[in-house]
Amino acid sequence: MSELATRDVSLEEYIMDHLDEAIEKEYIKVFYQPVIRTVSRQLCGLEALARWEDPVWGLLPPESFVSVLEKRRRIHDLDAFIVRKVCARYRDAMLNRGVLVPVSINLSRLDYELCDIFNVVESSVTSYKIPRKCLCIEITESALNDRDAIMRGAIEQFRGAGYQVWMDDFGSGYSSLNVLKDYHFDELKVDMWFLSDFHPRSKQILSSIVHMAKEIDIQTLVEGVETEEQFQFLLNIGCEKVQGYLFGQPRPYPDCIRQVLERGVSVEAPVHRKYYDDLGRLNVLSATPFLSAVDRKNLSSGRDDDVFLLFTNDAFDETASGVDWNMVFGIPEKRLFQHEPLRLQQFSGHMIRLLEEAREVGKCPAFYSA
């Protein structure tokens, strides 16, 4: 047996012998990597990742212990620990006015066989009294190949309870389109492989994925973003979120937040989250870019005179002067709206001209300077 093989066997046995100790003494830690909203360039989420800082072996990369724990069927113990730590951290942020953005958690395909992973998550969420919407459950595409009944039930159970469910590593397997046909996801995390060689063909593929996802009302996140060129491209094709070293590598929670703020990235306010999520449903690559996937299903022509307001500021209110918002909506709050339609006739003449200009050229400089 080679020296390298001997080392691997030795490390595997060490991992199995010391897993409980590593969890109890918290040699295993949760690192966080920022998720950035493209349209606002704000921090809109975090991904929780396991790291093992061992007193004997030093920092163990995830690939060295995750595969061992899956092979030896102990991965659910690690994932349950990560879930508890993430919930505890979120509760601390709630009590101390910390950063409150959703956190995504990777769950192994074996979690659904080795334990009742749904109740593990529910127990932690209930114990720490945190909202379910703050947790996003990531499931890798490969986990869906041969466990259809189990995984379909698990996805429906999580989504039915109020959690978002994301497909991780989309595009890395061979049955991506079948998976999208058979399962319901809230978001696709596109495998960073598409960005490893950023040439016209990969750009076309990414554009097609974003377009397809929006047509079936699924949001997109591309990981592995390392350059401003990549970020601007993804922004222009309507990808909602990005992740990668351009904005930060995985680090302990305080360091993660610090590095984001030091790079001039602000934190998305929870009150704006629904607005941005709804905005992300618009498909800039479609023939009707101002309509969501749901709206397009009911579209009878390429033109629609209904206007849906999601958010306004003082400049908009001044430009659209003459509209009595209380009369229109029956509510005093004019900043955030539900999907209540307005007819164009309800706007001032100046506002109508701005909207018509936006339709014609795709942008309206006069509106942005208002």
Side-chain angles (χ1 to χ4, degrees), residues 31-49 93 97-104 133-134 136 164 166 186-192 194-195 198 202-203 206-207 209-211 213-214 218-251 253-285 289-290 292 310-316 335-336 358 362-365 367-370:
F31 278 29
Y32 293 85
Q33 187 172 25
V35 175
I36 305 298
R37 181 92 63 179
T38 55
V39 71
S40 65
R41 210 181 179 102
Q42 290 182 319
L43 178 72
C44 66
L46 297 167
E47 180 181 8
L49 301 161
R97 298 184 178 181
V99 172
L100 294 177
V101 293
V103 181
S104 64
K133 63 182 179 181
C134 77
C136 306
Q164 283 203 3
W166 299 359
D186 299 289
E187 188 157 304
L188 299 184
K189 289 191 70 174
V190 181
D191 189 271
M192 66 176 62
F194 285 116
L195 292 181
F198 201 56
S202 63
K203 291 181 180 180
L206 280 169
S207 297
I209 290 174
V210 171
H211 173 73
K214 287 182 183 293
I218 301 178
Q219 295 198 337
T220 50
L221 185 160
V222 173
E223 56 184 354
V225 177
E226 298 182 350
T227 69
E228 186 65 28
E229 177 194 4
Q230 293 170 347
F231 175 81
Q232 290 299 327
F233 169 77
L234 293 168
L235 168 64
N236 290 336
I237 65 173
C239 175
E240 290 91 350
K241 302 172 187 176
V242 297
Q243 196 176 349
Y245 282 13
L246 178 63
F247 295 99
Q249 61 193 58
R251 291 185 178 181
Y253 179 82
D255 296 339
C256 173
I257 302 302
R258 187 181 305 113
Q259 74 171 339
V260 168
L261 297 179
E262 288 175 350
R263 297 184 186 198
V265 176
S266 60
V267 179
E268 180 176 286
V271 70
H272 294 158
R273 190 162 300 134
K274 183 182 185 304
Y275 161 68
Y276 283 124
D277 284 342
D278 287 342
L279 183 65
R281 289 185 168 87
L282 302 181
N283 187 358
V284 299
L285 301 178
F290 297 114
S292 69
L310 300 177
F311 180 85
T312 73
N313 58 18
D314 290 335
F316 180 93
R335 291 289 171 175
L336 295 170
K363 60 181 180 179
C364 186
F367 175 77
Y368 290 112
S369 61

To the nearest 0.5 Å, what is the distance between [atom1] ([X]) and [atom2] ([Y])?
X: S40; Y: Y275; atom1: OG; atom2: OH; result: 9.5 Å
X: L221; Y: R37; atom1: CG; atom2: CZ; result: 10.0 Å
X: H272; Y: L279; atom1: NE2; atom2: CG; result: 12.5 Å
X: E229; Y: L234; atom1: CD; atom2: CG; result: 10.0 Å

Could you go step by step and tell me if Q243 and K189 meet the side chain to side chain contact (heavy atoms under 4.5 Å, CB included) rule?
CA-CA 10 Å; Q243 196 176 349; K189 289 191 70 174; 3.2 Å; yes
Can you sort out the partners of E262 under side-chain hydrogen bond (donor to acceptor under 3.5 Å, both in side chains), two or more places apart, ordered by chain and number?
none
When you compare the side chain of [Y] with that of [X], does any pair of heavy atoms fall below 4.5 Å?
X: V210; Y: L188; answer: no
X: L46; Y: Y253; answer: yes
X: V101; Y: C44; answer: no
X: F247; Y: L43; answer: no
X: F31; Y: E47; answer: no

Any donor-acceptor pair under 3.5 Å linking the side chain of [X] with the backbone of [Y]?
X: E240; Y: T220; value: yes
X: T38; Y: C239; value: yes
X: Q219; Y: D186; value: no

Do the charged groups of R41 and E228 touch, with an N to O distance under 4.0 Å?
yes
Electrostatic pair D255-R258, nearest N-O below 4.0 angstrom
yes
Looking only at heavy atoms, what is the nearest atom pair of [X] and [Y], with distance?
X: G248; Y: Q33; value: O-NE2, 3.1 Å
X: P34; Y: Q259; value: CD-NE2, 4.2 Å
X: C136; Y: W166; value: SG-CZ2, 3.5 Å

In chain order, what residues pass the salt bridge (Lys or Arg N to Asp or Glu O under 4.0 Å) check against E187, with sequence neighbours excluded?
K241
Mind checking what makes salt bridge (Lys or Arg N to Asp or Glu O under 4.0 Å) contact with R251, not counting sequence neighbours?
none
side-chain contact (heavy atoms from CB on, under 4.5 Å) partner of L246, the single match among V225, I36, T227
V225
Do V267 and L261 pass the side chain to side chain contact (heavy atoms under 4.5 Å, CB included) test, and can you show the C-alpha distance, the side-chain angles, and the key distance before you say yes or no?
CA-CA 8 Å; V267 179; L261 297 179; 4.3 Å; yes
